[in-house]
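Okay, structure first, notes after.
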Amino acid sequence: MSIFRLSPPYLAGANHVTLQMMQVLLALVPAVVAMVYFFGYGVLVNITLAVAVALATEALMLRIRERPVKPFLSDGSAVVTAVLLALAIPPLSPWWLTTVGVVFAIVFAKHLYGGLGYNPFNPAMVGYVLLLLSFPVEMTTWLPVASMSQQPVDLMMAISYVFTGQLPGALTMDTLSGATPLDAMKTQISQLRPPEVIMNQPLFGMFSGKGWEWVNFWFLLGGIYLIYKRVISWHVPVAMIGTLFVISGIFQLIAPELTGTPMFHLFSGATMIGAFFIATDPVSGSTTLKGRLIFGAGVGLLTFVIRVWGGYPDGVAFAVILMNMLVPLIDYYTQPRVYGAR
Amino acid sequence: MTQQQLGSFPGGLKLPGHKKRSTQLPIRRMPISKRLVLPLQQHIGEAAVPIVEVGEKVLKGQRIARAEGHVSVCLHAPTSGVIKAIADHQVPHPSGLTAPCVMIETDGEDRWIERNPVPDFRSLSSHEIRQRVREAGIVGLGGAGFPSFIKLNPGVRHHVETLLINGAECEPYITCDDMIMRERAAGIIEGIEIMMFALRAKECVIAIEDNKPESISAMRFALTANKALSETTRIVIIPTKYPTGGEKQLIQVITGKEVPSKGLPIDIGIVCHNPGTAYAVGRAIRHGEPLLSRIVTVTGTDVTHAGNFETLFGTPIRELLEFCETKRQPDEPFIMGGPMMGYNLSGDDLPITKTSNCILAGVDEVAIASQPLPCIRCGECAVACPASLLPQQLYWYSRSKEFDKTEEYNLFDCIECGCCDYVCPSKIPLVSYFRFAKTEIMNQERERRKSDIARERHENRLARQERERVEKEERQKQRKAALAASKAAQKKAENTEAESTTEAAAVKEDN
Amino acid sequence: MLTAILALTLLALIFGLLLGYASVKFKVEGDPIVEQIDKLLPQTQCGQCSYAGCRPYAEAIAAGEADINRCPPGGEATILALADLLDVEPKPLDEEVGTEKPKMLAVIDEDRCIGCTLCIQACPVDAILGAAKHMHTVIADECTGCELCIAPCPVDCIDMVRTTPNPTTWRWPDPEHITLQEKIEEEQA
């Protein structure tokens, strides 16, 4: 007979942190494939580099904090943080950008707060925001989707750029890069161009940015898989997407010149990865069911506000971090009614 | 019978049942052990007080200990034999501690004492029925062991609408209620009739989980045989979900009502009993038999011939396990109760008591001892909690020993069902923290009460000493006054001398 | 200029009155500090703190004459509670007054007891029963374990025994320690 626990219950559920993290990674695969398809192999290089740096940093921090390295390293949380951050930064980013972001996320946003389970902010988003504030130029040089680029990014080119900053031939980052659909929308609206006209430009697809709508679609599908597998609950994504849809819908009706359509907002930028993979981070999110609805709605609202009136084209990262701050308050006021209590 | 709309409770789990293992054979009778060990406390409340002497011969069903105080029941000799000792012995309790027990050496004759059956229970008053149930030593056989007679009181303030027979038996592996309902349905119905009469209840609901079709049909059959009862009694089939068998959860499923926090089911007009208890009440009243044995499920992956056994109280658990042939090594721990709410025991001499419903050796999806990971606040525990608590908040505060905070988060509404533990992806032993915090709080409460009493006693003592001092001073003053008076009197009149001496003597005596 | 000064003065006056009213109206009525301290003390009445009982010690603490670390029966828990109440730094138990011991209970060896009543007079909580020339006995439930009865006994018939938990007073162990224990066992296996 195996050694069982010394205290009841003696039955164990199959649920495990590592298992959950693996499910999250699995759910990201289709969207990653889509991103590689649209933005080239730089995405894969970013992910590989970020994961390697994350694992090394995590191991180092655990050693410094005198925690058992193996069980914590194998929980997969560092890998998830790294992959999410890698997906958030531009597909062709210099190695130091990725490294700084990941190290900051793991060291400052995670371990200095006590490691897994204790971080009040989503580590990947803290890393992302740090990069966005410190290196705005590098962080906003996105590539256009592959079909519109003169030069598709192959693996060798990606590796070469990431590690040496060299591009083949006469190519420069300036010729390669272009504005993201969210960026383009924001800039041109400020020039008083109506959104429906902007939407006809080649940068845009069916109802959102070309390529972006597909990436978002695959994130959505991966998210639904996670809900089906009960890794995440439906509350945060539904509340966030719902709020974003409703708010942008209202503005569509009363002030259509202000911003894009609801569908544009839903399938642009980081909406879907944010709704299903970032705002659902349990550690830094709300824990009560009602609280999750409020949390998700808050993220959706703030995302819209930042996209329309803020200084940045996308607002998911800031929205999540701002809502993270409100979590203790939300949790306190949304405690469920206990059985038998009046 | 119309199917009423069922309620449900939040959270809960669908657990693998593993019940078939022990329901393949009918209930068997466990052979009489050579030596029985009977703890004087097999119920919640005050321990019973022995009324037999060492060396005394006792008959089957003879009372060997009387109830002490209100919340207490009697204890009887499960078979005939000789009292060998009244001493401390290890009892089946998670602490592994010893408690006073009566040891009987059995003679194998199994001779009954004279019984006092009452074929027509309607000739008894409700009070007499309760008295007999108490005399018969009947406690809740579901596992908690609360004296049943208290729960047969129709009460003055409340009145009982519904008698709820809890045949849910939601915990995996345990099948003793299932088996007793299959095989002794008529006896259970007899008991229910008596309970209804004693409680003056309007209706009775027999709730059985839908994974026990044999029990459902057996109980239905037995109920139809009793015309009068079948008008007020219905069998309700409830979905299998853990912990439906929890009293509060079952009430929520059946009635949609909630027992108020810190309250009892009777506060909302419901009394809940186990089918085994109903059977025992029937035997006690109609046949005059006190509670001497119970059905025990012996099962688990290490048990070769699992099954249910009618076992006399005091039978060593080792003998049961040997009887069923196990792969277990001597002194290897086993689980008393189910895999979710039971506790592990080690010690081969532990006896079966009134609350031993299941002996479990080996679990299929066993929880391996492992270092828990930190809580990732996933909230799964809160989703699984049938009492809508926030287990992870309770965990933080129990862990940091902020016990007043745990009470703020309603720690004492936790029923220790283990759902949160089961779903926790970090494998944190949440229930262990809650049990720890609960007993710590109860201990603090006890200490506080004790220190309050000590303070009061000390203050009383100080007050008494002060009073004595004042009285002494008073007396001294009086004596001085008397002395002065007597001196004055002496001077004035010589003939009063005799009187004043007596007075002085009196004062002296006083001191 | 003048109106501004006037307005400000008026405002200051109104707010002052408001604050004064609030401080009287919403005053938090608490137990006097001595009572609160006394509640935290274990009420052993042993006098190890060099005061004549728990209450005099509480009074001394309240008056700032005694330190909070002079109660051996209360031990660390009491010091922490007192530090919390009085908002001062907790400090280790003063070694001068004794050391923290597990809870004890006085037991009279009834064969040796000569019935001198000296222990009865010493007991601060009247937990010893008996009369002159008759055997005495300790009411176990009321005994605080203060040991004050030991010294007066002329025949040394009183022993302090450790109170053992029974299944009703037993407490579940702290899982923090269990986890460690399990880990050790895991390594051994």
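We name chains A, B, ... by the order of the sequence lines, and we start the count at 1 in each one.
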Checklist entry - Does the separation of the ring centres of W396(B) and F434(B) fall below 6.0 angstrom? => result no

Checklist outcome for this item: Scored by heavy-atom pairs under 4.5 Å with chain B, the best of R230(A), R292(A), Q20(A), Q335(A) is Q335(A)

Item to check | Whether N166(B) side chain and G245(B) backbone form a donor-acceptor pair below 3.5 Å | outcome: yes

Checklist entry - When you look at F276(A) and L226(A), which way does the side chain to side chain contact (heavy atoms under 4.5 Å, CB included) test go after all the steps? => result CA-CA 8 Å; F276(A) 290 98; L226(A) 287 185; 5.7 Å; no

Checklist entry - Who wins among Q393(B), K257(B), Q252(B), K262(B) for the most heavy-atom pairs under 4.5 Å with chain A? => result Q252(B)

Item to check | chain B contact via L289(A) - side chain, backbone, both or neither, heavy atoms under 4.5 Å | outcome: side chain

Checklist entry - Contact part of K327(B) toward chain A, heavy-atom cut-off under 4.5 Å: side chain, backbone, both or neither? => result neither

Item to check | Under 4.5 Å from a heavy atom of chain A, the part of R328(B) involved | outcome: neither

Item to check | Contacting moiety of F9(B), where chain A heavy atoms sit under 4.5 Å | outcome: neither

Item to check | Among I317(B), N344(B), L360(B), side chain to side chain contact (heavy atoms under 4.5 Å, CB included) partner for F334(B) | outcome: I317(B)

Checklist outcome for this item: Of the listed L390(B), L389(B), L373(B), I376(B), the one with the largest count of heavy-atom pairs under 4.5 Å with chain A is I376(B)

Checklist entry - By a 4.5 Å heavy-atom criterion (distance strictly below it), what part of C424(B) contacts chain A: side chain, backbone, both, or neither? => result backbone

Checklist entry - With only heavy atoms counted, which part of E416(B) is less than 4.5 Å from chain A, the side chain, the backbone, both or neither? => result neither

Checklist entry - So, K241(B) side chain and L15(B) main chain: donor-acceptor pair closer than 3.5 Å or not? => result no

Checklist entry - Which atoms of D281(A) come close to chain B, meaning under 4.5 Å heavy atom to heavy atom: side chain ones, backbone ones, both, or neither? => result neither

Item to check | Plane angle bin for Y225(A) and Y228(A) - parallel if under 30°, tilted between 30 and 60°, otherwise perpendicular | outcome: tilted

Checklist outcome for this item: When R67(A), K110(A), R63(A) are each screened for salt bridge (Lys or Arg N to Asp or Glu O under 4.0 Å) with E58(A), the one that passes is K110(A)

Item to check | Part of C378(B) lying under 4.5 Å from any heavy atom of chain A | outcome: both

Item to check | Qualifying residue, where the test is side-chain hydrogen bond (donor to acceptor under 3.5 Å, both in side chains) with R21(B) and the options are D364(B), T301(B), T175(B) | outcome: D364(B)

Checklist entry - Does any heavy atom of chain A fall under 4.5 Å from the side chain of P172(B), the backbone, both, or neither of them? => result side chain

